[in-house]
Amino acid sequence: MRFTSLVIELIRARPRLIVWIAVLLQAAMWLLVALLFYRSPPGSLATLLAYGREYRVGTDLGPPLSIWLADIAYRVAGGHVFGVYVLAELCEIATFITLYHLSRAVVGTQQAVLAVLLTMTVLAFSSSALDFGPLVLARPLWALLLLHSWQIIGQRRGNAWFAWSIEAGLLLLTTPAAIFLLALLVIFALSTAGGRRTLRALDPLFALVVVAVLALPYAVWLMRAQTLVLPALPQLADLSARAIHAVWLLGGLVFGAIAVPVLSFLNTPLFAGKSEEAPIIYRPPVEPLARNFVYFFALAPALGAVLISGLFWLETVVGGAGVVLVMSGLAMVVMAGDLIAMRRARMLRTVWAAAVIAPAAGVVLAVLFMPWTGTGEIATSMPAHAISDFFDESFARRTNHRLRAVAGETQLASLITLHSGRPHLFIDADPGRTPWMSQAKFSESGGVVVWRASDTAGTPPPEILARFPGIVPEVPRAFEWLVNGRQGLLRIGWAIVRPKGA
């Protein structure tokens, strides 16, 4: 009897089950990593939550939707950041399930599984899994837009226009890159006969009305804030340096998707056994419009984002790598042909699992072993709860008032704002970033000023002392990391600004 791997048979018989199992296992893996090894939020998540507490229509962090949703998830979880981690993984799950439905419409159910599995390796390396923000929320919204755009253009389903308009409006409320992504959809529609035929109907006009209504509040804020200005074009002398920067960004995208060509190469006949009868994953022929749709949205977002980011010297690609690479797995499956032979299935499974697990394993190894080298700090190892509890209780004990605001070093101040009292964040180095608080308001309400202590006396840095000339530094407070290793304790200098009238 010819033996076939159980996984291959499940891909043939129960493709949706395989997708759900793989996606849920990856989400559970990251949530377990966060639960066991994260004592403070990753990246700028604490600052995002501090902004979300204010419920502003617009801030310097961008459109408000991801900021609001993060705060809602934080409150629903009872004031625990784990709720935001769950929200981030829900976005990840929604992205892959939406991609499965889009892939099924293009290459059939069996090869759609392969497209999802390949894309999982891409997003695992190219984007953060738990650092919720605009780049994470934009992924499922962009995937949904691609799905409904194909239903409108390729399948001529007019009833998808309403969902498309809602998703386009929400994407505009999520990331500034939405205009660039929507422009690509318009370009593809105008460049194809099916797309031009679709745009002649009245449905696009109604969709534009819905999009305008959703985006209107943020557009009004942009006009009032006078931020609708185009960045300055680079000088001719700077073009070579910016071109090199664009090449580096493109190299980062290629590295993020490196598992896709590696798995495809390992599946070539070079690695097949002489007597092996490789099982076949079949699909119906892909129509030319679908092929063009997949290739266009696999290449155009990535190349366009690299060009824009390099031209204006942006640190990351516009929209984020997780957005511009979301179609790379499906593009590779379309390129592979109608019959895909799964050679050396056990080796492919091992390499795929290693690619998906490697980022999480890297986080765990860094948390456990990097402190013993003494070469750097792990931000997620800061004891956020102990820090926020200490300063909240110290302020209440000294002033008999509830802590209302925190200033000083932004990273430390953001961790203190996670306390159940949710004090305001005041970025005193750039007060325009926190318009809900000013120097006068901070002096009126009182608060805590924090910084990294460089000596046992807790002497504040000169810039903080210049902005708060009357503060009296307290004895620095030392906190232990999750793993202390050879690095010193986290020493935080602090001072209290007493409320007026206290």
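Just so it is clear, the structure is predicted and the values come from calculations on it, not from any experiment.
Legend: salt bridge (charged side-chain N to carboxylate O under 4.0 Å, His left out) pairs involving residues 125-138, not counting sequence neighbours: none detected. Sequence neighbours left out, the pairs with a member in residues 393-416 that pass salt bridge (charged side-chain N to carboxylate O under 4.0 Å, His left out) are Arg398-Glu474, Glu409-Arg452.
Put simply, NE2 on His401 and CG on Leu403 are 12.0 Å apart, with the number rounded to the nearest 0.5 Å. Phe391 contributes atom CZ, which lies 10.5 Å from atom CG of Leu415 (distance to the nearest 0.5 angstrom). Once rounded to the nearest 0.5 Å, the distance linking OG of Ser103 with CG of Leu330 reads 4.0 Å. Atoms CD and CG, from Glu167 and Leu144 in turn, are 4.5 Å apart once rounded to the nearest 0.5 Å. Between Ser66 atom OG and Leu141 atom CG the span is 10.0 Å, to the nearest 0.5 Å. Taken from CG in Leu87 to CD in Glu92, the straight-line distance is 11.5 Å, to the nearest 0.5 Å.
At a threshold of 4.5 Å between non-hydrogen side-chain atoms, the residues His424 and Phe442 do not count as touching. Counting only heavy atoms from C-beta outward, the side chains of Val323 and Leu135 never approach each other to under 4.5 Å. The shortest side-chain heavy-atom distance between Leu465 and Pro462 does not fall under the 4.5 Å cut-off. Within the 4.5 Å cutoff, the side chain of Ile492 has no heavy atoms near those of the Trp451 side chain. Looking at heavy atoms from C-beta onward, Pro371 lies in side-chain contact with Gln487 at the 4.5 angstrom threshold. Annotation: side chain of Pro140 is in contact with side chain of Cys91 (closest heavy-atom distance under 4.5 Å). Looking at heavy atoms from C-beta onward, Pro63 lies in side-chain contact with Pro176 at the 4.5 angstrom threshold. Between Leu172 and Leu182 there is a side-chain heavy-atom pair separated by less than 4.5 Å.
Within a 6.0 Å sphere centred on CD of Gln439, heavy atoms belonging to other residues, nucleotides or ligands number more than 12. Within 6.0 Å of atom CG in Asp430, more than 12 heavy atoms from other residues, nucleotides or ligands are found, so the atom counts as buried in its surroundings. Counting non-hydrogen atoms of neighbouring residues, nucleotides and ligands closer than 6.0 angstrom, the CZ atom of Phe206 reaches no more than 12 such neighbours. Within 6.0 Å of CH2 on Trp68 lie more than 12 heavy atoms contributed by other residues, nucleotides or ligands.
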Step-by-step side-chain contact (heavy atoms from CB on, under 4.5 Å) determination, Val317 to Ile308: CA-CA 8 Å; Val317 294; Ile308 295 173; over 6 Å; no

Stepwise side-chain contact (heavy atoms from CB on, under 4.5 Å) check, Met437 with Ile427: CA-CA 9 Å; Met437 182 62 63; Ile427 303 179; over 6 Å; no

side-chain contact (heavy atoms from CB on, under 4.5 Å) between Arg139 and Leu325, worked out: CA-CA 10 Å; Arg139 292 202 295 257; Leu325 295 177; over 6 Å; no

Step-by-step side chain to side chain donor-acceptor pair (under 3.5 Å) determination, Asp455 to Thr459: CA-CA 7 Å; Asp455 54 29; Thr459 305; 3.1 Å; yes

Derivation of the side-chain contact (heavy atoms from CB on, under 4.5 Å) call for Val260 and Thr121: CA-CA 7 Å; Val260 173; Thr121 65; 4.1 Å; yes

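The side-chain contact (heavy atoms from CB on, under 4.5 Å) search around Thr47 returns Tyr51, Thr410, Ser414, Leu425, not counting sequence neighbours. Arg486 is linked by a side-chain contact (heavy atoms from CB on, under 4.5 Å) to Trp372, counting only residues two or more places apart in sequence or in another chain. Checked against salt bridge (Lys or Arg N to Asp or Glu O under 4.0 Å), Asp60 has the following partners two or more places apart in sequence or in another chain: Arg433.
For the pair Gly488 and Trp481, the tightest heavy-atom approach, listed with the atom from each and the gap, is O-NE1, 3.0 Å. Shown here for Arg39 and Pro383, the closest heavy-atom pair between the two residues is NH2-CB, 3.3 Å. Looking at every heavy atom in both residues, Leu418 comes nearest to Val81 through CD1-CG2, 4.2 Å. For Leu263 against Trp352, the heavy-atom pair with the smallest separation is CD2-N, 4.0 Å. Minimum interatomic distance between Ile166 and Val210 (heavy atoms only, all atoms of both residues): CD1-CG1, 3.8 Å.
Defined by atom type and a distance below 3.5 Å, a donor-acceptor pair is missing between the side-chain atoms of Thr417 and Arg53. A donor atom on one side chain and an acceptor atom on the other are found under 3.5 Å apart for Ser149 and Trp164.
Without hydrogens or angle criteria, Ser309 side chain to Val318 main chain gives a donor-acceptor distance under 3.5 Å. In this structure, the side chain of Ser40 engages the main chain of Ala379 through a donor-acceptor pair within 3.5 Å.
Taking the six-membered ring for Trp and the full ring otherwise, the centers of Trp494 and Phe390 sit less than 6.0 Å from each other. Ring-centre distance between His385 and His80: below the 6.0 Å cut-off. The distance between the ring centers of Phe132 and Tyr85 does not fall below 6.0 angstrom.
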Determine all donor-acceptor pairs shorter than 3.5 Å in which one atom belongs to a side chain in residues 21-38; sequence neighbours excluded.
none

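Between Phe426 and Phe468, the angle of the ring planes goes over 60°, which puts this pair in the perpendicular group of the 30/60° scheme.
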